[in-house]
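One structure is given here, and the rest of the page talks about it.
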Amino acid sequence: MAVARTHDRRIHPGSGRRRGPPTPKGRQVDAAALVELRQILGARERRRDLLIEHLHLLQDRFGCLYARHLAALAEEMRLSLVEVYEVASFYAHFDIVLESEAPPPQTVRVCESLSCALEGGLDLFDALRARAGERVRILRAPCMGGCDKAPVAAVGQRRCENASAESVLAALQAGEKSPRIPNALDFAAYRAQGGYRLLEACLAGEKEAEDVIAALEKSGLRGLGGAGFPVGRKWRILRAGEKPRLLAVNADEGEPGTFKDRYFLETDPNRVLEGMLIAAWAIEASEAFIYLRDEYPQCREILLREVALIEASGLARGVRIELRRGAGAYICGEESAMLESIEGKRGLPRHKPPFPAEVGLFGRPTLINNVETLFWVRDILEKGPDWFLGQGRNGRKGLRAFSVSGRVREPGVKLAPAGITARELIEEYCGGMKEGHAFKAYLPGGASGGILPAAKADIPLDFGTLESEGCFIGSAALVVLSDKDDMKAAALNLLRFFEEESCGQCTPCRAGTEKAVRLLEAPSWDEALLLELAQVMGDASICGLGQAAMNPVKMVLKHFRSEGTGKGRAR
């Protein structure tokens with residue numbers, strides 16, 4: 001699959017080379033660097049929206065972004081140098097260096113998010129810093145989506161799961177840098193099991209878009225990336241919008257504790273892709289973009305392979321598919337920030353309204369669906385909406401993928417009835433608590449979903465069931481904590497994540513997360529000031545990051561005020 005394709009400029013206003021003055025004469029472009037750049041880019045288009053893709057090509061080749069190549073890229077793409085630098089400096093995975101400051105030849109990133117911290121991730125970081133040597137750079141990194149196999153480290157693009165200092169050092173010694181590709185159900189095997197028959201029926205005119213949308217509406221399927229907007233209603237809104245219409249698949253899960261999208265893409269990617277193509281057919285989208293987080297290089301290789309086979313088979317007729325690569329920014333999981341990133345910009349959330357269904361990618365009406373949402377489309381349409389409605393528990397309806405990590409015997413993705421309780425999920429699907437650990441608390445919706453004590457583990461897990469407790473289910477990422485864990489340290493770990501991942505666009509979030517971390521690091525917490533700060537951030541932040549960042553702190557103050565010091569293992 002070619003990642004870059006020619007686009008209709010009516011769809012992408014301003015695409016192609018921008019006419020205007022060249023790079024200012026005061027910034028001289030190194031001729032050799034320009035030759036290197038052109039060799040790397042080859043025949044790829046120099047469109048503005050491909051800036052991030054081109055930055056990845058440079059970093060993949062040289063291990064960093066040299067200043068000489070950024071100047072050459074600005075010249076080649078007819079952009080100002082500041083446009084290139086502001087994008088390259090926004091994303092955590094891009095390393096901008098001068099020629100005299102090249103990083104060591106090998107880089108290891110060690111996850112410091114909550115699930116990995118509980119399993120000794122910070123001790124692993126310290127051990128590697130002490131033992132790896134000067135030719136290896138050891139960096140702390142936010143959640144890598146491997147919470148069920150914590151602690152996790154990445155040697156280049158190769159993930160080391162259940163990592164120890166010995167296993168990481170062995171990977172370094174062996175020079176292992178490429179991702180291990182999981183044994184996903186491939187195109188041929190998926191077709192042999194009846195895959196794509198539904199899509200073929202749609203393309204052949206045997207299905208009506210109205211009937212497909214009505215079935216999704218009846219099923220009650222909601223967006224499973226966290227927002228929970230009814231899927232059928234969203235498809236109907238898009239179908240009524242102006243043409244051309246676009247589709248964007250959000251595969252940028254970055255919420256600490258969340259790894260369900262990775263699971264689907266590693267095991268059954270074609271079911272997701274079939275759901276995507278049915279969605280594109282239903283709304284008559286001319287292009288579909290898959291935005292995949294950079295922490296999942298193994299999923300990228302799978303998607304490149306499978307999409308190429310789909311295109312060769314003719315199943316993607318009428319829609320162009322493009323795979324776009326994130327660059328290490330949690331904020332790009334927010335739908336409008338993701339759109340900005342696909343357009344080759346910094347991932348800054350947009351003000352709403354207008355909503356993406358009206359003014360989305362490249363200014364066109366855009367359907368945005370999460371990976372898990374698309375995964376369920378085929379089953380619902382083949383088995384009927386009543387099948388899906390009959391799957392719930394405790395008065396709720398449907399199925400969900402729960403990412404479970406922390407102090408349980410069998411962490412992982414659990415396909416379970418919507419409305420199951422945390423206690424039921426732990427006992428029935430996770431083999432109970434780990435030996436020597438007593439259930440103390442849980443995060444029902446990842447880092448931003450709040451923290452509840454075990455005494456409240458019998459609440460059905462679904463949209464609308466946790467809000468009265470000050471929490472929400474979000475992407476259904478459960479992190480289970482035990483009597484061995486310091487709750488204040490857990491809250492501090494989560495706030496450090498939000499501080500690092502704030503895009504910086506709005507003051508309440510940018511300054512608020514930093515202020516919160518300083519307050520939580522103090523010997524004693526100023527509870528009144530923390531709660532006042534939480535109120536301001538919740539009321540005034542532009543997007544959900546700042547609005548929900550203080551949920552863990554509020555819940556610790558509510559349920560665990562007298563416990564812990566903030567200096568425990570989750571720190």
Exercise. Would you call Lys440 and Asp485 a salt bridge, taking side-chain N to carboxylate O under 4.0 Å as the test?
Worked result: no

For this session: Decide whether Ser502 and Thr513 meet the rule of one side-chain donor and one side-chain acceptor closer than 3.5 Å.
Result: no

Exercise. Distance from Ser336 atom OG to Ile331 atom CD1, nearest 0.5 Å?
Worked result: 8.0 Å

For this session: Decide side-chain contact (heavy atoms from CB on, under 4.5 Å) for Leu273 and Leu303; before the verdict, give the C-alpha distance in whole Å, the side-chain angles of both, and the deciding distance to 0.1 Å.
Result: CA-CA 9 Å; Leu273 293 170; Leu303 287 171; 4.1 Å; yes

Exercise. In terms of side-chain geometry, is the basic nitrogen of Asp148 or Arg262 positioned less than 4.0 Å from the acidic oxygen of its partner?
Worked result: yes

Problem set entry | Quiz item: cation-pi between Arg364 and Phe362, 6.0 Å / 45° | no

Exercise. Going by an N to O cut-off under 4.0 Å, is there a salt bridge joining Arg350 and Glu343?
Worked result: yes

For this session: Using a cut-off of 6.0 Å, state whether more than 12 heavy atoms not belonging to Lys207 lie near its atom NZ.
Result: no

Problem set entry | Side-chain heavy atoms of Ser341 within contact of Tyr291, under 4.5 Å | yes

For this session: Return the set of residues passing salt bridge (charged side-chain N to carboxylate O under 4.0 Å, His left out) with Arg236 (not counting sequence neighbours), or none when no residue passes.
Result: Glu210, Glu217

Problem set entry | Gln547 (side chain) donor-acceptor with Ser541 (main chain) under 3.5 angstrom | yes

Problem set entry | Shortest non-hydrogen contact from Thr421 toward Ala457 | CB-O, 3.3 Å

Problem set entry | Main-chain N/O of Gly333 paired with Asn250 side-chain donor or acceptor, under 3.5 Å | yes

Problem set entry | Short side-chain donor-acceptor distance under 3.5 Å, Tyr190 and Glu274 | yes

Problem set entry | Minimum heavy-atom distance Glu295-Gly328, with the two atoms named | OE2-CA, 4.0 Å

Problem set entry | Heavy-atom pair with the smallest gap, counting every atom of Ala477 and Thr258 | CB-OG1, 3.2 Å

Exercise. Do the rings of Tyr91 and Phe94 sit parallel, tilted or perpendicular, given the 30° and 60° boundaries?
Worked result: perpendicular

For this session: Using a strict cut-off of less than 4.0 Å between a Lys/Arg side-chain nitrogen and an Asp/Glu carboxylate oxygen, indicate whether Arg239 and Glu284 qualify as a salt bridge.
Result: yes

For this session: May I ask you to decide if the ring planes of Trp387 and Trp376 are parallel, tilted or perpendicular, using 30° and 60° as cut-offs?
Result: tilted

For this session: Ignoring hydrogens and angles, tell me if any N or O in the side chain of Gln391 forms a donor-acceptor pair with the backbone of Phe388 under 3.5 Å.
Result: no

Exercise. Passes side chain to side chain donor-acceptor pair (under 3.5 Å), Tyr296 versus Glu266? Steps please.
Worked result: CA-CA 10 Å; Tyr296 292 168; Glu266 287 183 348; over 6 Å; no

Problem set entry | Rounded distance [0.5 Å steps], CZ in Arg510 versus CD1 in Ile542 | 9.5 Å

For this session: Answer yes or no: does atom CD of Glu500 have more than 12 heavy-atom neighbours from other residues, nucleotides or ligands under 6.0 Å?
Result: no

Exercise. Quick one: does Leu533's side chain get under 4.5 Å of Val553's, heavy atoms only?
Worked result: no

Exercise. Heavy-atom distance under 4.5 Å between the side chains of Arg293 and Asp261, does that happen here?
Worked result: no

Exercise. Checking Thr465 side chain against Pro460 main chain: does a donor-acceptor pair fall under 3.5 Å?
Worked result: yes

Exercise. Can you check whether Val408 reaches Leu478 side chain to side chain, under 4.5 Å on heavy atoms?
Worked result: no

Exercise. Excluding sequence neighbours, so at least two apart, what forms side-chain contact (heavy atoms from CB on, under 4.5 Å) with Ala88?
Worked result: Leu55, Leu65, Ile96

Exercise. With no hydrogens and no angle check, is any side-chain donor or acceptor of Ser403 less than 3.5 Å from a backbone partner on Lys260?
Worked result: yes

Exercise. Which heavy atom of Leu389 sits nearest a heavy atom of Ser219, and at what distance?
Worked result: CD2-O, 3.2 Å

For this session: List the steps and the verdict of side-chain contact (heavy atoms from CB on, under 4.5 Å) for Ile310 and Asn270.
Result: CA-CA 9 Å; Ile310 290 170; Asn270 283 280; 3.9 Å; yes

Problem set entry | Chi angles and distances behind the ring-ring contact (aromatic ring centres under 6.0 Å, His included) call for Tyr429, Phe402 | CA-CA 10 Å; Tyr429 287 81; Phe402 293 87; 8.2 Å; no

Exercise. Would a 4.5 Å heavy-atom cut-off, applied to side chains only, mark Leu481 and Leu443 as touching?
Worked result: yes

Exercise. Would a distance-only check, ignoring hydrogens and angles, find a side-chain to backbone donor-acceptor pair under 3.5 Å from Gln505 to Pro349?
Worked result: yes

Exercise. Which value, rounded to the nearest 0.5 Å, describes the distance between Cys506 atom SG and Met537 atom CE?
Worked result: 8.5 Å

Problem set entry | Side-chain donor/acceptor of Glu255 to backbone N/O of Ala447, under 3.5 Å | yes

Problem set entry | Any Glu427 side-chain heavy atom under 4.5 Å of Phe439 side chain | no

For this session: Could you grab the distance from atom CD of Glu311 to atom CD1 of Ile321, nearest 0.5 Å is fine?
Result: 5.0 Å

For this session: Check whether more than 12 heavy atoms from other residues, nucleotides or ligands sit under 6.0 Å from atom CD of Glu208, and answer yes or no.
Result: no

Problem set entry | Atom of Glu242, atom of Pro365 and distance for their closest heavy-atom approach | O-CG, 3.5 Å

Exercise. How many angstroms lie between CG in Asn493 and CG in Leu114, if you round to the nearest 0.5 Å?
Worked result: 5.0 Å

Exercise. Sub-3.5 Å donor-acceptor pair from the side chain of Glu469 to the main-chain atoms of Leu452, do we have one?
Worked result: no

Problem set entry | Heavy-atom side-chain contact between Leu415 and Leu399 under 4.5 Å | no

For this session: Taking Arg305 for its side chain and Phe187 for its backbone only, find out whether a donor-acceptor pair lies under 3.5 Å.
Result: no

Exercise. Mind checking whether Pro444 and Leu461 have side chains closer than 4.5 Å, heavy atoms only?
Worked result: yes

For this session: Grab the two heavy atoms, one from Arg300 and one from Arg325, that are nearest each other, plus how far apart they are.
Result: NH1-CB, 4.0 Å

Exercise. Does the pair Arg496/Glu112 count as a salt bridge with the N-to-O cut at 4.0 Å?
Worked result: no

Exercise. Is there a donor-acceptor pair closer than 3.5 Å between any side-chain N or O of Glu287 and the backbone N or O of Arg320?
Worked result: no

Exercise. Is Asp386 paired with Lys218 through a side-chain N to carboxylate O contact shorter than 4.0 Å?
Worked result: yes

Exercise. Under a 4.0 Å N-O cut-off, is there an ion pair linking Arg393 with Glu428?
Worked result: yes

Exercise. Does Arg324 pair with Glu322 as a salt bridge, N-O distance under 4.0 Å?
Worked result: yes

Exercise. When you look at CD of Glu86, are more than 12 heavy atoms from neighbouring residues, nucleotides or ligands closer to it than 6.0 Å?
Worked result: yes

Problem set entry | Derivation of the side-chain contact (heavy atoms from CB on, under 4.5 Å) call for Leu545 and Glu334 | CA-CA 9 Å; Leu545 191 156; Glu334 194 278 333; over 6 Å; no

Problem set entry | Between CD1 on residue Ile283 and NZ on residue Lys234, distance to nearest 0.5 Å | 10.5 Å

